[in-house]
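Contents: one structure, followed by commentary.
Convention: sequence-line order gives letters A, B, ...; per-chain numbering from 1. Computed from a predicted structure; not experimentally measured.
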Amino acid sequence: MTKELPAQYPPADVEARRYAQWVHDRLFEADASSEKPPYAIVIPPPNVTGVLHMGHALDHTIQDTLIRRRRMQGYEALWLPGMDHAGIATQNVVERKLAAEGLSRHDLGREKFLEKVWEWKAESGGAILGQMKRLGDSVDWSRERFTMDAGLSRAVQTIFKRLFDDGLIYRANRIINWCPRCLTALSDIEVEHSDKDGELVYIRYSDEIVVATTRAETMLGDTAVAVNPEDERYRHLVGTEVELPLTGRKIPIVADEHVDPSFGTGCVKVTPAHDPNDFEIGQRHGLPSITIMDERAIITAHGPFLGLDRYEARPAVVAALREQGRIVKEVRPYNHSVGHCSRCGTTVEPRLSLQWFVKTGPLAQAAGDAVRDGRVKIEPAELSKRYFAWVDNMHDWCISRQLWWGHRIPVYYGPDGDVVCVGPDEQPPAGYTQDTDVLDTWFSSALWPFSTLGWPDRTADLEKFYPTSVLVTGYDILFFWVARMMMFGLYAMDGTPPFGTIALHGMVRDQFGKKMSKSFGNVVDPLDWVERYGADATRFTLARGANPGADVAVSDEWAAGSRNFCNKLWNATRFALMNGAHVEGDLPAELSTVDAWILSRLHATVAAVDTAFDTYEFAKACDALYHFAWDDVCDWYLELAKPVLFAEGPEAEATKRVLGEVLDTLLRLLHPVIPFVTEELWTALTGVDTVVTAPWPAHEPKLANPAAEASVATLQYVVTEVRRFRSDQGLKPSQRVAARVNVTEHEPLIRNLAKLDVPGEDFEASATLSLTGGLSAEIDTRGTIDVAAERARLVKDQAAAEKEAAQCRAKLGNAEFLGKAPDHVVDKIKSRLAAAEAELARIAAALEKLS
RNA sequence: GGGCGCGUAGCUCAGUGGGAGAGCAUCCGCCUUACAAGCGGAGGGUCGGGGGUUCGAAACCCUCCGCGCCCA
């Protein structure tokens, strides 16, 4: 089959059309009833408010590559898409919309507000799903899931009830991370720490007691001063009381080992209601907790500071203390680590409140063991350390959020403090009222690998595809999301972990290795690349940089390079189709050396690519494919095939078939990474409908042909040396020159590639190119030989050979080397020396001739 | 402060005991009937510094310097 192709690959004309066809033909839909072995990936659910960024593009490229290859290998491949409901983020979006109309969610009430959220989701949520299509993601859209769907909500309620009944969920008054803007509790992982310039103020509580603090306003809630029990300076004060300034309250001085005597003055103010460490000190010493701020971080303590925001209160408190002469020292700026809400950036305020927690101890233990005993593999294995560091030191997980958007906690309160946890098919007793909080979004995300397959029902999907094969995600969320899925998967699925392998990649960075950030202005939009360079080029750029667990640096120039590669493939196939390449019938029984060589290289490439993909070495797979395609196929094989094809003999017929074979296999190997251009080219080449379901190339060792590889290597060597000579001599590329060559093989091909004519009657060799292995080319440059250039070239070669010879001689002159190095190493050095010496002799003779 | 990791060509990165590599960038020459998004050729590195182990170190060990990430 032949087809007219334009001279440049036009991604925009291909991508949308091909993607629509794939979806229409249901090529990405998995069949739970098939006999094929399963291969499943659940997508790390993007946020319903989110848009596609480079991190997604990398993550999805990797998953799509894995899935597409397995699909071609004959697995029942399922890549399941969907989104999470992003409690805080989504509620913020909708509240902002309401605010524009002058409304708050309280004006609407809970029910109405949730209707508004669903409306927003229907209208503008999930933009990212459409963007995934532009990348070419081969996800099964018929199985798209959302964490707030009925089925997934049922899964949430089911596991909550089970955990509750098992005593693994409890409610307690604890210090939690509180966002005074979002007005909700946050878990540890939703808090980002960064260094900030603040102040360290030393406050005199008495003649002997001076405390240092970065949050002076919290002193209003102090209920003790703590010192280290070993600290000689204060030992005599333990058990006495001191008057808390500004309040007149008497507070005790307690001894607690937690206090670091070397920090500040060695005295610590203790504010149990507003600091996690102080809370623990308070617990140990039975101290009261005095809450001095409301949920918006506004001072509620009676007195002159009542009603001030925490940042107004801080200088006001310091000023009042200064007036009393109680400020001993002020360090400003004082650089220290401060926690911020990961959603809105507001400084987190530790707050004592009643919240729900998951008791992580036994769950985290199981999650760690599954990796320790090898049931789950982490790729690259080195990152297991980070995983263990997290799961082995996990704190109990605060799962309640003071939001409306999310899974409402299925706990009801009755009279006399009765508490009932209700399962999915149960009704609460009449008159009981439901807890007003919702669950952390990660709580439902942690169920994703099985809730999306139908759990708690034993569905066909669950039977077929659980446990999933591999989870692909960035190392940056290994320790929270992945660990949580492991905990819940093991718990819900009777000890079967949710995936066999965790394949980790890094973050996408700019061309200088800098993190992409808006403030830096170095953010690249993947869709911008899709438009400018094509989806394939975008994917190839990312895959080509994806070393396991390592960050990927990208730039426009590299994306352009990938686009060039796609175009190279396009033109190679275009050329092949114009010259009769095809895939009909068996490979020819008789192969020319050149045809045997390219098939040998092809199958070495198949083996290399298989190994690389099997070990998540995407960069290596891409590198092998890039070099095979560009160097071996385009630069050499097509050029060598040209004279054969143009001559139209029986050898041409064989080469047409081999060329078809090479491109057929190459395009199938590349399809998982660059699906669009390969689909377009492969279908044109083969006449088959789609490469999506074409078989993955088999590695055929019998095609390995070392003799042909050696023969072509010699040809390449001679051609390259002649080209080098020509370039040094300033001969134009198009200028043919007469030459007498003594080579045993491939003379016509060498003459063709090196632009050497057969000597005529007036031939007069003006330069002799002597080559390794007794090969030579005598060239007639019509007397215009540039002796200086030729001498410079030879001298350079001579220096290289001398260096090589000297290195070898030094080794061989070393008795210890001869005695201790293995024989094969010694032999290799000997043959290298022999080759270098022959080279030196050849060059010396050539130099002699020049003078 | 604790933990993990990195330092190889101008940039980004492979290479983990036996000849320093790739892509991009740079320089020179070319519109060579698949491709100028291209072709041919070339230059460029005391493998962060120092010490050690070894016949042999970019690689293994120690130390110093610089950088990054996570946790507190």
Side-chain angles (χ1 to χ4, degrees), chain A residues 5-9 188-189 192-193 260 262-263 276-277 337 339 382-383 385-386 388-390 393 475-476 478-479 506-507 509-515 533-534 537 541 544-547 549-579 617 619-620 622-623 626-627 630-631 634-635 638-639 642 646 719-720 722-736 753-755 793 796 800 803-804 807-808 810-822 824-826 828-829 831-832 835-836:
Chain A
L5 299 176
Q8 287 191 339
Y9 170 55
D188 293 346
I189 59 177
E192 285 165 4
H193 291 269
D260 176 2
S262 64
F263 179 79
N277 292 322
S337 180
E382 301 87 74
L383 284 171
K385 281 182 236 168
R386 281 175 82 136
F388 294 135
W390 180 258
N393 297 293
Y475 62 76
D476 53 327
L478 168 67
F479 48 88
M507 340 265 276
R509 293 170 174 274
D510 77 2
Q511 60 194 306
F512 303 112
K514 291 267 177 294
K515 216 172 188 169
Y533 307 115
T541 302
R544 199 181 183 192
N547 291 115
D551 291 345
V552 182
V554 300
S555 75
D556 284 1
E557 283 159 350
W558 301 338
S562 299
R563 175 202 54 187
N564 296 354
F565 176 61
C566 293
N567 193 50
K568 191 72 179 172
L569 289 172
W570 178 267
N571 274 290
T573 309
R574 178 167 164 252
F575 168 82
L577 291 173
M578 290 191 301
N579 288 280
E617 299 265 15
K620 282 198 176 69
C622 290
D623 198 56
Y626 184 93
H627 283 111
W630 204 309
D631 301 348
C634 293
D635 287 350
L638 290 182
E639 296 306 322
K642 277 179 187 174
F646 297 162
V719 169
T720 302
V722 173
R723 283 173 173 169
R724 194 155 80 102
F725 170 84
R726 294 179 53 118
S727 184
D728 288 344
Q729 288 295 318
L731 294 171
K732 301 289 181 201
S734 55
Q735 186 180 340
R736 300 193 69 90
L753 292 183
K755 299 274 194 313
R793 193 168 67 87
K796 194 182 147 230
K803 190 180 164 200
E804 169 79 352
Q807 278 179 352
C808 294
K811 290 195 180 205
L812 294 169
N814 183 339
E816 286 195 290
F817 172 74
L818 294 174
K820 292 183 178 173
H824 75 270
V825 173
V826 175
K828 196 171 175 188
I829 299 293
S831 62
R832 275 173 54 192

Whole-angstrom distance between B:A58 and B:G19, as gauged at atom P
10 Å
Classify A:D551 by what it touches in the nucleic acid, base, sugar-phosphate, or nothing, heavy-atom distance under 4.0 Å.
nothing
A:N567 near the nucleic acid: base, sugar-phosphate alone, or nothing, with a heavy-atom cut-off under 4.0 Å?
base
For A:R736, which residues count as a salt bridge (charged side-chain N to carboxylate O under 4.0 Å, His left out) partner, sequence neighbours excluded?
A:D757
Nucleotide range of RNA chain B contacted by chain A, 5' to 3', under 4.0 Å to a heavy atom?
B:C4 to B:A72
Under 4.0 angstrom, heavy atoms only, what part of the nucleic acid is A:K568 near: base, sugar-phosphate, or nothing?
base
Quick one: label A:H824 by what it contacts on the DNA or RNA (base, sugar-phosphate, nothing), any heavy atom closer than 4.0 Å.
nothing
Distance, C1' atom - from B:C24 to B:G18, rounded to whole angstrom
31 Å
Sugar-phosphate, base or nothing in reach of A:L638, heavy atoms under 4.0 Å:
base
Mind checking A:A572 for me? I need base, sugar-phosphate or nothing, with any heavy atom below 4.0 Å counting as a touch.
base
Which is more 5' along RNA chain B, the nucleotide nearest A:T573 or the one nearest A:E617? Just name the residue.
A:E617
Using Watson-Crick or G-U wobble geometry with both distances under 3.5 Å, which nucleotide pairs with B:A42?
B:U26
Report the distance from atom CZ of A:F725 to atom CG of A:L731, rounding to the nearest 0.5 Å.
6.5 Å
Can you tell me how far C1' in B:C70 sits from the matching atom in B:A9, rounded to whole Å?
32 Å
Looking for any heavy atom pair under 4.0 Å, which part of the strands does A:N579 touch: base, sugar-phosphate only, or nothing?
nothing
Might you work through the side chain to side chain contact (heavy atoms under 4.5 Å, CB included) test for A:V825 and A:K828, ending with a clear yes or no?
CA-CA 5 Å; A:V825 173; A:K828 196 171 175 188; 5.6 Å; no
Students often get this wrong, so: under 4.0 angstrom with heavy atoms, is A:K514 touching a base, only sugar-phosphate, or nothing?
nothing
Just checking A:R563: base, sugar-phosphate only, or nothing, at a heavy-atom cut-off of under 4.0 Å?
base
Is the backbone of A:S562 close enough, under 3.5 Å, to the side chain of A:R544 for a donor and an acceptor to pair up by distance?
no
Pairwise C1' distance for B:U63 and B:C71, with rounding to whole Å
26 Å
With a non-hydrogen cut-off below 4.0 angstrom, is A:K755 in contact with a base, only sugar-phosphate, or nothing?
nothing
Strand partner of B:G7, provided both Watson-Crick or wobble distances fall under 3.5 Å
B:C65
Assigned partner base of B:U16, Watson-Crick or wobble definition, under 3.5 Å
none
Have a look at A:T720 and say if it touches a base, only the backbone sugar-phosphate, or nothing, with a 4.0 Å heavy-atom cut-off.
sugar-phosphate
Write down the distance separating the C1' atoms in B:G38 and B:A14, rounded off to the nearest Å.
27 Å
May I ask you to say what A:Y533 touches in the nucleic acid, namely base, sugar-phosphate or nothing, with a heavy-atom cut-off under 4.0 Å?
nothing
Between B:G2 and B:C60, how far apart are the C1' atoms? Round to whole Å, please.
26 Å
Of A:A7 and A:D635, the one whose closest nucleotide on RNA chain B sits nearer the 5' end is A:A7
Minimum-distance pair of heavy atoms, taken over all atoms of A:G545 and A:A619
C-CB, 4.3 Å
Within 45° of the axis and under 6.0 Å from the centre of the six-membered ring of A:Y626, does NZ or CZ of A:K568 qualify?
no
In whole angstrom, give me the gap between the C1' atoms of B:A20 and B:A59.
12 Å
The Watson-Crick or G-U wobble partner of B:A59, with both key distances under 3.5 Å, is none
Check every strand shown and say whether A:E192 touches a base, only sugar-phosphate, or nothing at a heavy-atom separation below 4.0 Å.
nothing
Applying a 3.5 Å limit to both distances, which nucleotide forms a Watson-Crick or G-U wobble pair with B:A34?
none
With side chains defined as the heavy atoms from C-beta onward, is the minimum distance between A:V826 and A:L812 less than 4.5 Å?
yes
Indicate, with a heavy-atom threshold strictly under 4.0 Å, whether A:Q8 touches base, sugar-phosphate, or nothing.
base
Please measure how far the C1' atom in B:G40 lies from the corresponding atom in B:U46, and state the result in whole Å.
33 Å
Is the shortest side-chain heavy-atom distance between A:R509 and A:K515 below 4.5 Å?
yes
With side chain to side chain contact (heavy atoms under 4.5 Å, CB included) as the criterion, how do A:K642 and A:N579 come out once you've worked through the C-alpha distance, each side chain's angles and the decisive distance to 0.1 Å?
CA-CA 9 Å; A:K642 277 179 187 174; A:N579 288 280; over 6 Å; no
